[in-house]
Amino acid sequence: MAIDKKERLRLLPAVHEVVDELLLNDDDIYINHTEVTWAVRKVLQEARDNILGKNNTKYISSNNKEEDFWDYPEREFTLFLKQWLLNEVKDMLKGTDLSLRRVINATGVVLHTNCGRAILAPEVVDYVAQQASSYNNLELDLEKGTRGVRYTHVEAMLQELTGAEAALVVNNNAAAVLLIMNTLANQREVIVSRGELVEVGGSFRIPDVIKSGGARLVEVGTTNKTWIRDYREALNENTSILLKVHTSNYRIEGFHHAVSLKELVELGESNGIPVVEDLGSGSFLDGVDLGIPKEPTIQEAIKSGVSLVTFSGDKLLGGPQAGIILGKKELIDKLKKNQLTRALRIDKLSLAALIGTLRLYEKGEINKIPIWRMLSLKKADLLREAQKLQAAIALSSALQVEVQEQFSCVGGGALPTANLPSSVCAIKPLEGSVLELERFLLHGNIPILTRIVKDWVILDPRTLLPGDYQIIIDCLSEWDR
Ligand SMILES: *Cc1c(COP(=O)(O)O)cnc(C)c1O
């Protein structure tokens, strides 16, 4: 029988009792008294709400049953309560109670859209931290002592790296496309192939962005075949842009024809109409060294004479969320003058992260860019990691574990057909369901995201960071179902 709620409320310790216990007995707690007290108050309030049934979270009792907090078996309740309070307070002080949290990505999907896409190099993070914790010259011209422009800090780097005449950076690639539509095609027509009317996910659809920019979409060609004459026939005095969209997240194979950027640029030039390419996951590297299908590079787009090209900062560039626009100075100047640019502008932390990442490209230190390091890992490197993980898991947990040959993928809507050969560690419960094991990993103190292949939970070393291994091993050692 459950003891009643009043009795349970009485069992809750006073704030100072928990604070003293934490400050006396826990070496991890180095934070000041005020902060600990704040956390203890919050947690005790949560305990009160739990007991009164205001929250409906379930807790696992020692015999592995789900119980309401206030329904918890009587003789265990005091012990459970104490442990629970201490853990909750510690989590809160470490920030692990926050909604936005670190996650371990064991899926092998390098640019995981649900896990924040590209991660940044430690050098880049240091630079961002330095810029974030001090004042800087974001909009200050140090030479003249007058007001400056935030874009100048990155424009020269992008010109140097790509050969573009001019550059502008905004909040993300969707914003870049929107800004171009609104500046160059408001109330006018934009011609796009029916094979390139892409949906990127998260409800970003090329036709809708064109409309949001105030432009009118003119579709030409068919889903699988579009020819240069289709564009030519659609030209009229209202045409303002020929838009090419890189179909980065799907492939049309078989009976297929798309117009090359070069052909489109020729048509644009002879009719005085700007050609814009949305490259999506723009990359400085074509990836062929890694054995992945060739991606069109940013430099190639510029070389082709395209008027403007746009791409994301956090896909294959491996930097922060940003939308990068490169191309003709005359057009970039127009974009800079549009009032929308202010609403879509990049913030100083992302700008710092982008500058830090571009510096690594300048120095040729591609392997310091985490996503390129992950993408270039070879099967032999991964085999060694998978074997180490297998040995540790076999030693410390009650699971079936083996090394398997699998594939990782690029993700982030990039290179959908590229499969990167990988060696992975595969685990499954001796009895019980893999789904349950997958859930268990996801609900650990630090969530571990995995994928399931043929009744095995896959841990792909390609996307694991050095500190992740021990956390996975510790978490799995607690699996006892
Ligand atoms: C990813 C993608 C976008 C959107 O980029 P964000 O930086 O996420 O806004 C737009 N167009 C294409 C072709 C893409 O692949």
Side-chain angles (χ1 to χ4, degrees), residues 109-120 154 158 167-182 185 190 192-213 215 217 219 226 241-252 258-259 261 264 275-284 287 292-293 295-298 300-301 306 308-327 335 340-341 343-347 349-351 353-354 357-358 371 409-418:
V109 181
V110 176
L111 293 170
H112 203 300
T113 306
N114 305 141
C115 298
R117 290 199 189 148
I119 59 170
L120 301 174
V154 74
L158 286 166
L168 175 62
V169 176
V170 290
N171 180 63
N172 60 2
N173 191 26
V177 178
L178 178 70
L179 179 62
I180 293 172
M181 293 304 138
N182 186 258
V190 177
V192 192
S193 158
R194 289 199 171 88
E196 298 176 0
L197 294 172
V198 180
E199 171 171 316
V200 177
S203 81
F204 174 90
R205 292 175 157 188
I206 287 290
D208 298 335
V209 177
I210 292 173
K211 273 178 221 139
S212 307
L217 168 68
E219 304 174 19
T226 303
I241 291 177
L242 299 174
L243 177 65
K244 185 159 181 65
V245 182
H246 178 46
T247 57
S248 52
N249 58 0
Y250 67 96
R251 286 281 180 275
I252 299 178
V259 170
L261 188 58
L264 212 54
V275 174
V276 175
E277 180 170 43
D278 172 7
L279 254 188
S281 57
S283 173
F284 287 134
I292 55 186
E295 269 286 282
T297 63
I298 299 158
E300 284 166 3
V306 72
L308 293 173
V309 59
T310 78
F311 52 93
S312 292
D314 54 353
K315 291 184 182 170
L316 284 172
L317 200 73
Q321 178 189 305
I324 298 161
I325 310 172
L326 304 175
L335 300 178
L340 251 191
T341 304
L344 305 176
R345 77 180 185 182
I346 187 167
D347 100 294
L349 300 186
S350 308
L351 186 65
L354 181 61
T357 306
L358 293 176
I371 65 141
C409 50
V410 179
L415 291 157
T417 54

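Every number for a ligand or one of its atoms is a count from 1 in the order of the listing. Along the sequence shown, the residues carry numbers beginning at 1.
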Are Arg205 and Glu199 within salt-bridge range, i.e. N to O under 4.0 Å?
-> yes

The side-chain contact (heavy atoms from CB on, under 4.5 Å) partner of Ile180 among Ile241, Ile210, Val170 is Ile241

Mind checking the CG-CG spacing from Leu308 to Leu243? Nearest 0.5 Å is all I need.
-> 10.5 Å

Any Arg117 heavy atom less than 4.0 Å to ligand 1 | yes

Apply the test salt bridge (charged side-chain N to carboxylate O under 4.0 Å, His left out) to residues Glu277 and Lys244: give CA-CA distance (whole Å), side-chain angles for both, the deciding distance (0.1 Å), then the verdict.
-> CA-CA 5 Å; Glu277 180 170 43; Lys244 185 159 181 65; 5.5 Å; no

Hey, does Asp314 come in under 3.5 Å of ligand 1, counting only N/O atoms on both sides?
-> no

Not counting sequence neighbours, which residues clear salt bridge (charged side-chain N to carboxylate O under 4.0 Å, His left out) with Asp278? List them please.
-> none

Per-atom contacts, ligand 1 versus Gly280 - under 4.0 Å to a heavy atom | 12 (C), 13 (C), 14 (C), 15 (O)

If you measure from each heavy atom of Val200 to ligand 1, is any distance below 4.0 Å?
-> yes

Please report the shortest heavy-atom distance between His246 and Leu279, naming the atom on each side.
-> CD2-O, 3.3 Å

Looking only at distance, does Asn173 have an N or O less than 3.5 Å from an N or O of ligand 1?
-> yes

Please verify whether a non-hydrogen atom of Gln321 lies at under 4.0 Å from ligand 1.
-> no

Output all residues satisfying side chain to side chain contact (heavy atoms under 4.5 Å, CB included) with Thr297, sequence neighbours left out; order by chain, then residue number.
-> Asp286, Gln299, Glu300

Hey, does Ala174 come in under 3.5 Å of ligand 1, counting only N/O atoms on both sides?
-> yes

Report, in ascending order of atom number, the atoms of ligand 1 lying under 4.0 Å from any heavy atom of Ser312.
-> 5 (O), 6 (P), 7 (O)

Numbering the atoms of ligand 1 from 1, which are under 4.0 Å from a heavy atom of His246?
-> 13 (C)

